[in-house]
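Every number for a ligand or one of its atoms is a count from 1 in the order of the listing. Quick note: residue numbers are just sequence positions, from 1.
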Amino acid sequence: MTRAVVSGAAGFIGSHLCDRLLERGWEVVGLDNLVTGSAVNLAHLAGEPRFELRRQDVSRGVIVDGPVDHVLHLASPASPVDFPAIPIEILLVGTFGTRNLLELPRQEGARFLLASTSEVYGDPLVHPQPESYWGNVNPIGPRSCYDEAKRAAEAFTMAYHRTHGMETRIVRIFNSYGTRMRPDDGRVIPNFCRQALLGEPLTVYGDGTQTRSLCYVDDLVRGLLAVLDGPDPLPFNIGTDREVTMLELARLVRDAARSGSAIEFRPLPQDDPRQRRPDTSRARDVLGWRPEVPMADGLARTLEYFRSTLELARTEP
Ligand code: NAD
Ligand code: UDP
């Protein structure tokens, strides 16, 4: 049986990825220290004999006994609210954690996939961003712990590929959203959804003209698997072409939630990227991947999820 190791398995994306890998009939070992994830995201897998969650800080070392065919490295806090709170942990998991996970497939002859990020482009001066763009990152700013850790993670991955001839894959994930995000995660979709559902003001940072392109998690995970299965070690952007301003997004979420919330403007965080949209030609041409879930559907599913999560929190003693 094919056996995969997934770091960050209890997180938002990692938990969905585990579901899809199990659907393939694979055995999955999840590694997570639960710093930003939750075992609740995997509670539906209790009793699944092909799945196991091990509580492990992958920055300290990775021990997995038995054969391994694939290693998928998703462990890393990813919300800007985590950057000032735990910058050293973020740097460690991007560097030491990546190196530790790369050693597993090196010993086992397995394939390695790195969940990288659009943040490697920083505040981009090229728009939309193709994989060939090297980025515009502030190496000492408040986001640098994340951006530079992911750039180092990509460098580690390519070094292992070149030095050991390993099968490696790199996915540059653009902003993604969907079920199993934490309502208090601090990223824009959880914030707007929670605020709209509770009737609180939606907090738009800056003047709300900065843009993002938001990909629904089902499309993203299909993209991760397409890259994993594909032939190419060079990075792939995975995300949508639908670029929205944050003010437009606030209105979309408020309308989808049928909420009467006000919109309030708050200071723009330092180094907040002005615009972000992937050039996904490579993923389309090489892998035949394209996003399919329209934003209205993705938002409806996500709002439904947050509605039930918030309801549960209210009724718990
Ligand atoms: P998340 O916080 O929900 O998941 C990350 C998981 O990694 C959590 O379960 C956390 O507990 C775990 N983790 C963190 N440090 C760890 C460590 N040292 N050892 C073991 N486990 C550890 O975030 P997510 O949005 O699901 O992100 C998953 C991956 O995708 C991350 O690598 C992130 O950088 C990348 N990514 C996400 C997005 C997005 O929009 N969600 C965008 C770009 C890149
Ligand atoms: N943002 C916002 N209100 C919020 C949270 C975020 O306007 O309550 C903005 C943030 O300034 C950024 C965008 O939404 O411009 C996306 O932020 P997020 O933290 O989701 O991810 P980022 O792309 O910045 O890593």
Quiz item: Hey, is S59 one of the residues with a heavy atom under 4.0 angstrom from ligand 1?
Solution: yes
Per [atom], closest listed option by heavy atom ([options]):
atom	options	answer
atom 2 (C) of ligand 2	Y205, F265, F174, F83	Y205
atom 22 (P) of ligand 2	R143, Q195, M181, Q275	R143
atom 17 (O) of ligand 2	V188, I263, L247, D147	V188

Numbering as shown, the atoms of ligand 1 that approach [X] to under 4.0 Å (heavy-atom distance):
X	result
Q56	19 (N), 20 (C)
G8	6 (C), 7 (O), 12 (C)
D57	17 (C), 18 (N), 19 (N)
S76	5 (C), 7 (O), 13 (N), 14 (C), 31 (C), 32 (O)
P77	14 (C), 15 (N)
L34	11 (O)
S116	44 (C)
G11	3 (O), 4 (O), 8 (C), 9 (O)

Quiz item: Is there a donor in the side chain of H73 and an acceptor in the side chain of T98, or the other way round, less than 3.5 Å apart?
Solution: yes
Where on [X] is there a heavy atom closer than 4.0 Å to ligand 1, on the side chain, on the backbone, on both, or on neither?
X	value
N175	backbone
S7	neither
K150	side chain
Y146	side chain

Quiz item: Looking only at distance, does Q210 have an N or O less than 3.5 Å from an N or O of ligand 2?
Solution: yes
Exercise. State whether the shortest distance between N or O atoms of G37 and N or O atoms of ligand 1 falls below 3.5 angstrom.
Key: yes
Quiz item: If you measure from each heavy atom of R276 to ligand 2, is any distance below 4.0 Å?
Solution: yes
Quiz prompt | F192: which of T302, V204, L299, L252 passes side chain to side chain contact (heavy atoms under 4.5 Å, CB included) | solution = V204
Exercise. Using the ring of F83 (Phe, Tyr or Trp, six-membered ring only), decide whether R143 places NZ or CZ under 6.0 Å from its centre and within 45 degrees of its axis.
Key: no
